Number of protein chains: 2
Amino acid sequence: MPNYGDELDAVLRALADPTRRAVVERLSRSPAVVSELAAPFAMALPSLMQHLRVLEDAGVVTSEKQGRVRTVSLRPGALDVLHLWLGEQRTPAERQADRLGLHLTRSAPKDT
Amino acid sequence: MPNYGDELDAVLRALADPTRRAVVERLSRSPAVVSELAAPFAMALPSLMQHLRVLEDAGVVTSEKQGRVRTVSLRPGALDVLHLWLGEQRTPAERQADRLGLHLTRSAPKDT
DNA sequence: GCCATAGTTAGGCATATGCCTAACTATGGC
DNA sequence: GCCATAGTTAGGCATATGCCTAACTATGGC
């Protein structure tokens, strides 16, 4: 029973914010420059930068600056810790369902 | 590209705390009564209860009170949203590695 | 050299979060 | 009936978090 500890904690904290998740989703398609990443959001640049910093500190993304442009990319393997931890917590039945490609409907959502 | 939205957000926020994660880990073995769950922690009961409430509001756990005892259990399928989302973010290479049972070592850890 | 572009740094502010104590309610046991 | 046990409710408090503005630095282009 490994103890992913701090790393897992940092990753989960990083992903626990909608803005940061949106950034990750964007980056899962391809690397992007800071201003591209900031574009979809209403917030000021410095605010977005803070989010990027959290993601980078958590090891979820990496970035490199060339000239005055900073390119950010998803860090390969960064989400492995989470994936592993998740695997341990989910029930055998849930894992089985995955393998079969099933995804049971959750209990009644608000709409209907 | 589904939008798990609020549900995913609630789950991630819930898991972004070490205490709550520890509770989830404990419950992944078996359901437990509130006082059992509280035992390992140094914090006051009301504090632990707040954590339980966050987990329950996020749909991660359910609880039922019989007499004066409340039994808490992991809610089946509760972590599916996270699992699905994770699957979308991870690279094809990472998924491949999973299937092969490989888990690449992350960048140098503190120990060695 | 000068202006525009792409980030950065610094400082501030309101709300959210995690924890605590005190006091209370609802069973269970004898 | 009375005490113990298992939670709950209410209120408070310090720190963390997310966002902002103002001001500044470092290229790139002409």
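Lettering follows sequence order; numbering is per chain, from 1. Keep in mind it's a predicted model, so treat the numbers as computed, not measured.
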Handout entry: Rounded distance in Å - CG (A:D9) to P (D:dT17)
Key = 10 Å

Handout entry: Residue whose nearest DNA chain D nucleotide is more 5′ - A:A44 or A:K65
Key = A:A44

Handout entry: Listed nucleotide nearest any side-chain atom of B:S35, set D:dA6, D:dC19, D:dG18
Key = D:dA6

Problem - Closest-nucleotide ordering on DNA chain C, the 5'-leading residue of A:V69 and A:R13 - result: A:V69

Exercise for the section: Could you say whether A:L45 or A:R68 is positioned toward the 5' end of DNA chain C, judged by the nucleotide with the nearest heavy atom to each? Expected result: A:R68

Problem - Protein-nucleotide distance (A:R70, atom CZ; D:dA26, atom P), rounded to Å - result: 14 Å

Practice task
Could you state whether A:L8 and B:V11 fall into the same hydrophobic cluster, counting links through intermediate Ile, Leu, Val, Met, Phe, Trp or Tyr residues with side-chain heavy atoms under 4.5 angstrom apart?
Solution key: yes

Exercise for the section: Under 4.0 Å between any heavy atoms, over every strand shown, what does B:V33 touch: base, sugar-phosphate, or nothing? Just pick one. Expected result: sugar-phosphate

Practice task
For A:D57 and D:dT17, give me the distance from atom CG to atom C1', rounded to whole Å.
Solution key: 14 Å

Completion exercise
To the nearest angstrom, the NE2-P distance between B:H51 and D:dG7 comes to 17 Å

Exercise for the section: Specify the closest pair of heavy atoms between B:L12 and A:R21, including all atoms of both residues, with the distance to one decimal. Expected result: CD1-CD, 3.4 Å

Problem - Touch class at under 4.0 angstrom, heavy-atom based, for B:S47 against every strand present - result: base

Practice task
Would you mind classifying the nucleic acid contact of A:R53 as base, sugar-phosphate or nothing, using non-hydrogen atoms under 4.0 angstrom?
Solution key: nothing

Exercise for the section: Using Watson-Crick or G-U wobble geometry with both distances below 3.5 Å, tell me the partner of D:dC13, or none. Expected result: C:dG18

Fill in the blank from the handout: To the nearest angstrom, the CD-P distance between B:E36 and D:dT5 comes to 16 Å

Handout entry: Minimum-distance nucleotide to A:Q50 side chain [options: C:dG7, D:dC19, C:dC20]
Key = D:dC19

Fill in the blank from the handout: Between B:S63 and B:R70, the two heavy atoms sitting closest are OG-NH1, 2.8 Å

Problem - Partner nucleotide, any strand, of D:dC30 [Watson-Crick/G-U, under 3.5 Å] - result: C:dG1

